[in-house]
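These figures come from a predicted structure and were not determined experimentally. One is the number of the first residue; the rest follow in order along the sequence.
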Amino acid sequence: MNKLANMRHWPERMSPNFGMSRSSMGMPQIMHQPKIAPQGPPPISNPQPPDAMIHYTFNVHFASDLAGPDTEDILHSTTDAVLRWTHPEDAPDDVPVWQLPVHTQNVENLRRRCEDFTNNPMPIEAHVNATTPKNGRNQVVTVTLSGTADCVYKTRETILNETPSLMRCTHVDVDGHLVADLTEGRLKPSVTAFLDEVSKFCGVDIFLLGPKLTPLEDGLNGGLSMRRDQRWRVAIYGDTISAEHAKSRVLIKIDQLLGRIVDAVQIDLSVQPLLCGRNRKNIKHIESATNTAIYFPPCFSHAYGYCPPGALRRNPDEVFITGETPEAISQAKTRIHQILTTIRLFVKDVTIAMPKIDSILLGRMDKVRKIMETNSVFIMLPPLASRQGTIRFQGPENLHVERAIRELMSLAGQFYHASWWINQPDPRLLPSAQEIRALLSDVCANSDADIAFDKVAFTLTGSDEAVKEALQVLSDIKFVTTVQHQIRVKIELANEHKEFVSGKKNGKINKIMSHCNVQIVFDNFGEYNFNIDVLAHNYTSMKEGLTLVEQEMPASISFHVPDQYHKRIIGIGGQHIQRIMKKHSVFVKFSNAMDRGGMGRDDDDSRVDNVICRTPARNAQNLELVKTEILEMVDREDSEITTQTVNVDRLYHRQLLARLPEIEVLEKKYNCKISFPSTEQASDEVTVQGPQWQVPMCADEFLGMVPDKHEVVLEHSEPLVKFLQSPEFLQDIVPKLKSQHEVQVSVHENTEDRAADAAPTVTLLWAFTRNNAGGLRDAMDFLHSQFATAGIEPVVIKGAIPRPRSDTFEEALQYFDSKILQHVAAPVATDAPATPTFGEDLVRERSNIFDRLRKPGSMSLSFLDRRKNSSHSATNSFFKGSANVSKTSLISIESSRSFNADRNPWNDSGVNLPDDDNNPWGTSRVFEPNGLIHKLAIPMAGDSTPRHGTRHSGDSGRPSTSHSTNSGYPGPLSGPFR
């Protein structure tokens, strides 16, 4: 393996023309900022000769808690995917997820690789330890390297870039008719062949899964009901970069199946975030104007060196565009070129401690991606484990570059660096190399901190909590505590907080040093941050001193208040805000449009947080009180900013973006911001952000732009058809449904779909908008009452919506263990009018459509029958639609998740109670032998059917009061380190 020969050289790639390899695009010259030389002392390290032996232990993040799909949902899988992501038949029922073959194989591959390192001529030893920590977490895999410092760091880089760490699963929803021929009962061979090809090309495992239950939300009332999603799912398992690559290709294939044309354009990776604009505003305008979809590559592929064997990485400069016509794609390219020619580039380099860069790459990339998207800035991180500390920022404006730098530097402050020095160690107490490796592995596994030892010092790096846990473990080691030692913890903080932490004339720091017998030094480091060094000669003093220092660190909360209210809140001469600050001991700072860079900037600036409340961490509980008092002086329509998420089919986002002018009018009307997910995310979630009293109304009106429909299939009968064709129905009932319930109903006679008795069917198509989804059940109840008045008793084939069970006292008697209070008998299927459960409706629908995908004559026991789910659930039979498809019909796909049909309304604890023979909500059901056809329910007197459900409670969108979220530091500590 070219593990060391292919090491990328970071300085060579940072040429003056970085990111501008194509001059033909008409890009302007880069406006360079002078490079900033590293300031302050380097990270704590022990001076040692080049050939000194060190021991270094680190975690390999295999994502061992990632479970495979439910075997009952699998319709198709790529080569050996089922073998890797399901348990064998002889596995026990309580087998943990980390014992899946894919996880155990990764560990074995790592062991063999480390054995190769140990046996090669290089002076290095590598040992792997897989343990389950005492805190009950999933399996943790650690690697301990012993050798010279240069060999250890190079070997660590090779391991991290050859190991499939950061495994994940991503889903793509797809309509069933695109991937299967439902009339012939088989999956399309072209689709299965494409999935197999993508699996090999990208090095991932792909499963085609059946539909799932999705919520149907009433926009204004927020009520939720569940229904079966008509879309199937494509589940992609692999490392982060490979999974994103495969996901993009699947999305492009879906566009091709929809008849769209695919093209590509070359755009330098470093310019892509600038092209997108803040919050992808530019791309959304291009997509809405041209009716195209633009797919960008992962922006951090250069930082990860792992590539699955036999797979190819996506070209980071290749951007795919799909559209209805070649003219639309050409128009999109023209608009992209116009934006690129107007971009000005501002570049700046900053220095961050090398271990912190690795920690960010392994655990904080979602936040870095958010920083890039919010500020329209490209952040070029060095390759993982490359021991390089320079990060390049490139943006269209200096203001945005500075914002991104400060946010990333704040993120770096969430990681600590510590050392434990042993003074004059006793050679008789020093452990052997094997004992050192066992010790380091145990500390690393239980704390998640990287730890190194070099005869006289332990060095620890990681998150704040991880470093403190590691120090606590070290304090229990005899040979460490019995000799003289010195402990040093380095905390990184923004320069603007230096006086805040030190106090007036360093009063806070002097008090801590005298009280805890520690030494605290402020060490300047770079242009943006400084280091706080806490030194002590015993663990108890260090623990107490570090706790007090953390309690003096700033805890902050930020939120938005319109600029016109600032004077009212501040008061004459600042009397109002001074009273609030003095009352709660909290500092409050306001910023207006001028402070944010002047007027006339993006509309997004009008919604950024412009009020910052800051206080020491020991007083963090008062932050929310200050925020409440400030917002009380703001009018209701401009009150606290909150967020609501609504689900809209991702493919319909394109139609909504085409109506972008209407959405902008809606945003101005309610002072809200409607944000669509990026095309690559393939998410249904649309975010509505604004004042908490305006967001529900804005979401309701937005859902009014989203059409929806529901089909109810009835058994054909002459009285039914005569009634549906009568003038009374067409001229009286249909207009009433439209005017009173906002639902439009149309009738379609079906001769193709047949009921179980081969009779023709009649389809009622209910059309409505998503904000009126709550009125669908009421409209259906109204029509059913009209059927009853006309003496018609229709038979429902498909599409019935369950009505809630009435809350009678009799149904609650089963939970009282009394001879006087008798149990109610379980209901059985009869000819009496009773609304079928949602699960039964799904079974009938599947029996009508998806059973045709099965071929009983050719079915034999699939090897999937001998596999177990990673979720400990047993399987019975499986659907077979291709060579490696499970032969379960889609009946089992949805029946296991059937709308909580078995949920007891008296049991609101969320825990399923044990079933018994007298449990009316038991899992057993009695079906009719004639094809599971139930008669339509007619509302009876005494039934309670609420018009709309209660509002679904959700996150208020308030910023967290924990200062660790806002400033990167932990909350006030109480008790021992965890």
Side-chain angles (χ1 to χ4, degrees), residues 244 269-287 294 296-300 303 339 343-348 350 352 360-361 363-381 391-414 494 528 556-561 591 593 595-598 600-612 641-645 667 672-681 683 685-690 955 957-960 965-968:
E244 289 293 334
L269 177 64
S270 63
V271 186
Q272 292 174 13
L274 287 68
L275 168 66
C276 294
R278 299 187 61 191
N279 298 311
R280 297 179 66 94
K281 184 176 181 179
N282 295 341
I283 293 301
K284 292 303 178 186
H285 279 287
I286 294 176
E287 292 178 335
I294 304 176
F296 287 90
C299 50
F300 300 112
I339 295 177
I343 291 178
R344 296 185 304 167
L345 299 180
F346 293 83
V347 180
K348 192 170 186 178
V350 297
I352 297 181
I360 291 175
L361 285 171
R364 298 290 193 274
M365 291 311 296
D366 288 340
K367 295 185 178 180
V368 177
R369 185 180 291 106
K370 184 64 176 178
I371 294 174
M372 293 177 57
E373 182 177 330
T374 302
N375 297 284
S376 183
V377 172
F378 175 70
I379 302 176
M380 186 172 186
L381 295 165
I391 301 179
R392 169 158 291 186
F393 292 80
Q394 179 174 288
E397 294 187 20
N398 191 38
L399 175 64
H400 297 162
V401 172
E402 290 294 328
R403 284 179 179 175
I405 292 176
R406 295 184 184 277
E407 291 181 20
L408 187 67
M409 298 301 284
S410 176
L411 195 63
Q414 299 180 9
Y528 299 94
S556 62
I557 185 174
S558 60
F559 51 94
H560 176 78
V561 173
S591 63
D595 298 332
R596 297 192 298 269
R601 293 190 175 273
D602 290 341
D603 294 338
D604 297 334
D605 277 343
S606 64
R607 299 179 181 87
V608 299
D609 294 341
N610 55 6
V611 180
I612 301 177
I641 300 298
T642 186
T643 301
Q644 180 178 342
T645 301
E667 291 177 334
C672 293
K673 179 68 176 178
I674 300 176
S675 302
F676 291 87
S678 64
T679 311
E680 305 85 27
Q681 289 179 346
S683 173
E685 295 183 351
V686 178
T687 303
V688 182
Q689 183 182 21
D955 184 12
R958 297 185 176 184
S960 172
T965 303
N966 296 284
S967 59

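Electrostatic pairing of Glu397 and Arg278 does not count as a salt bridge here, judged by no charged N lying under 4.0 Å from a carboxylate O. Contact check on Glu402 versus Lys348 returns a salt bridge, with a Lys/Arg side-chain nitrogen under 4.0 Å from an Asp/Glu carboxylate oxygen.
Leu274 approaches Gln394 most closely through the heavy-atom pair CD1-O, 3.4 Å. For the residue pair Ser678 and Lys284, the shortest heavy atom distance occurs at CA-NZ, 4.1 Å. In plain terms, the two heavy atoms of Val686 and Phe676 that are nearest each other are CG2-CD2, 3.9 Å. Listed here is the closest heavy atom pair of Ile294 and Ile286: CD1-CG2, 4.0 Å.
A heavy-atom distance below 4.5 Å is found between the side chains of Leu269 and Phe378. Using a 4.5 Å heavy-atom threshold, the side chains of Thr374 and Asn279 count as touching. In this structure, Cys276 and Met372 have side chains that are not in contact, with every pair of non-hydrogen atoms separated by 4.5 Å or more. The closest side-chain heavy-atom distance from Gln414 to Lys367 is below 4.5 Å.
How far OG of Ser376 is from CZ of Arg403: 12.0 Å, rounded to the nearest 0.5 Å. Note that the CZ atom of Arg280 and the CG atom of Leu275 stand 9.0 Å from one another [nearest 0.5 Å].
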